[in-house]
Student: 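Below are the structure tokens for one structure; questions will follow.
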Protein chains: 2
Amino acid sequence: MNKVDLETSVNHHIALSAIMIKRVFFKILSENELTITPEQWNVLYHLSESGGFTVGELSKLTFKDFANISRITQKLEVAGLIKKRRDDADKRVFKLFITDSGMAIIEQLHQCAFESTNIALKGIDADNREVMLKGLKQILINTDTFLK
Amino acid sequence: MNKVDLETSVNHHIALSAIMIKRVFFKILSENELTITPEQWNVLYHLSESGGFTVGELSKLTFKDFANISRITQKLEVAGLIKKRRDDADKRVFKLFITDSGMAIIEQLHQCAFESTNIALKGIDADNREVMLKGLKQILINTDTFLK
DNA sequence: GGAGTATACTTGTCATGACAAATATAGAAA
DNA sequence: TTTCTATATTTGTCATGACAAGTATACTCC
């Protein structure tokens, strides 16, 4: 029998780390009175880099499905951080843009993300971070291939 | 400004990998007609290793909060895979045990977990897996310390 | 032993993730 | 043009995670 040992499972530790990192990030956001979630930050980040993405494009960029992006962007719009604009050429499509209010908190959000990175990765040297990043990117390729 | 680049963020790639790994695992479980979720597997795994854990103990073991374990174990009990038994000495406490039906599928579940590990980690050699595991464990320590 | 506090667990609410179904618009084929 | 199919997005449902509030039992201190 191919028994799995959770104690030494990379997969399992990725799942645990993901949850813990999210908690840290969320706590730091709260401490800075930013009422935004890590997932909303993910979307807002992309829109701060380049405006005009559609729901579908954001879905690909963030590895989330249309439904999730649809709801996350609804909340961001209600919060006044982004705007959805119907495309003139294709009326099915929304183009999304960050608002001035959105841009106004981007720097703070980057700072929070930066802090939570430092907290999470303390004591892991640059070489090992490099190995981890490369491994994680490989996992994304492997899983993406399998799910196709 | 301490700008974060998602493309090279270990934190971010852990979050993405966690989601993708869960999708792969869930798909493999479905293909094997196992109607159990990765989180339910996590709880069932611990109970298959050793019976009698309380909700609180499982909560610590799985890094989830009481509320989540409470609901996950409810579903596992409804599915007939585990039993909750009131402790005689302390009537607030539940002791949890895997049932025969639960034990009957453990081997299949291990096999599914094993397969999803192989899919996710393909092309990552043992040394690098070791580095990743060590880094992830460090992240758990770091984040846990911060959240205390 | 009774009051207040601590502990173990449950329930409610909201955001998210998975997935299926619904809606609206585009594009292609007849 | 009409019809069929494909695409973009939304909505519904359920499981989970975070967090707050509620319930029941145990413990502590007087």
Student: Please give me every residue in residues 102-122 of chain B whose heavy atoms get under 4.0 Å of an atom in DNA chain D, ordered by residue number.
Tutor: none
Student: Tell me, which of residues 39-61 of chain A have any heavy atom that sits under 4.0 Å from an atom in DNA chain D?
Tutor: A:T54, A:V55, A:G56
Student: Across the strands shown, which category fits A:I69 at heavy-atom distances under 4.0 angstrom: base, sugar-phosphate, nothing?
Tutor: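 No contact.
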Student: Holding to salt bridge (charged side-chain N to carboxylate O under 4.0 Å, His left out), I want the full list of residues that pass it with B:D65, two or more places apart in sequence or in another chain.
Tutor: none
Student: For B:S116, which residues count as a side chain to side chain donor-acceptor pair (under 3.5 Å) partner, sequence neighbours excluded?
Tutor: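 Per chain and number, B:S116 pairs via side chain to side chain donor-acceptor pair (under 3.5 Å) with no residue.
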Student: For DNA chain C, which consecutive runs of 3 or more Watson-Crick or G-U pairs (each distance under 3.5 Å) count as stems?
Tutor: C:1-30 with D:1-30
Student: Just checking B:K84: base, sugar-phosphate only, or nothing, at a heavy-atom cut-off of under 4.0 Å?
Tutor: sugar-phosphate
Student: Can you list the residues that meet the ring-ring contact (aromatic ring centres under 6.0 Å, His included) rule with A:Y45, with sequence neighbours excluded?
Tutor: A:W41, A:H110
Student: Heavy atoms under 4.0 Å, any strand shown: does A:K75 hit a base, just sugar-phosphate, or nothing?
Tutor: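 Sugar-phosphate, no base atom in range.
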Student: Any residue in residues 137-148 of chain B with a heavy atom nearer than 4.0 angstrom to DNA chain D? Just list them by number, or reply none.
Tutor: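 DNA chain D contact set from residues 137-148 of chain B: none.
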Student: Tell me, please, the opening and closing nucleotides of DNA chain D, 5' to 3', among those with an atom under 4.0 angstrom from a non-hydrogen atom of chain B.
Tutor: D:dA15 to D:dA26
Student: Checking all strands, does A:K64 fall into the base, sugar-phosphate, or nothing category for heavy-atom contacts under 4.0 angstrom?
Tutor: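 Contact class for A:K64: sugar-phosphate only.
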Student: Taking N or O atoms only and anything under 3.5 Å, show me the protein contacts with nucleotides 19-25 of chain C, one pair per line.
Tutor:
{"residue": "C:dT25", "atom": "O2", "partner": "A:R92", "partner atom": "NH1", "Å": "3.4"}

Student: Please name all residues satisfying side chain to side chain donor-acceptor pair (under 3.5 Å) with A:K27, sequence neighbours left out, ordered by chain then number.
Tutor: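 If we apply the side chain to side chain donor-acceptor pair (under 3.5 Å) test to A:K27, skipping adjacent residues, there are no hits.
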Student: Does A:K84 qualify as a cation-pi partner of A:F94, given the criterion of NZ or CZ under 6.0 Å from the six-membered ring centre and within 45 degrees of its axis?
Tutor: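 Geometry flag: set, cation within 6.0 Å and 45°.
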Student: Going by side-chain heavy atoms closer than 4.5 Å, which hydrophobic residues are tied to B:I124, directly or by a chain of links?
Tutor: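 Traced through the cluster, B:I124 reaches A:V10, A:I14, A:I21, A:L121, A:I124, A:M132, A:L133, A:L136, A:I139, B:V10, B:I14, B:I21, B:L121, B:M132, B:L133, B:L136, B:I139.
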Student: List for me each residue that meets salt bridge (charged side-chain N to carboxylate O under 4.0 Å, His left out) alongside B:K137, sequence neighbours excluded, and say none if there are none.
Tutor: A:E7
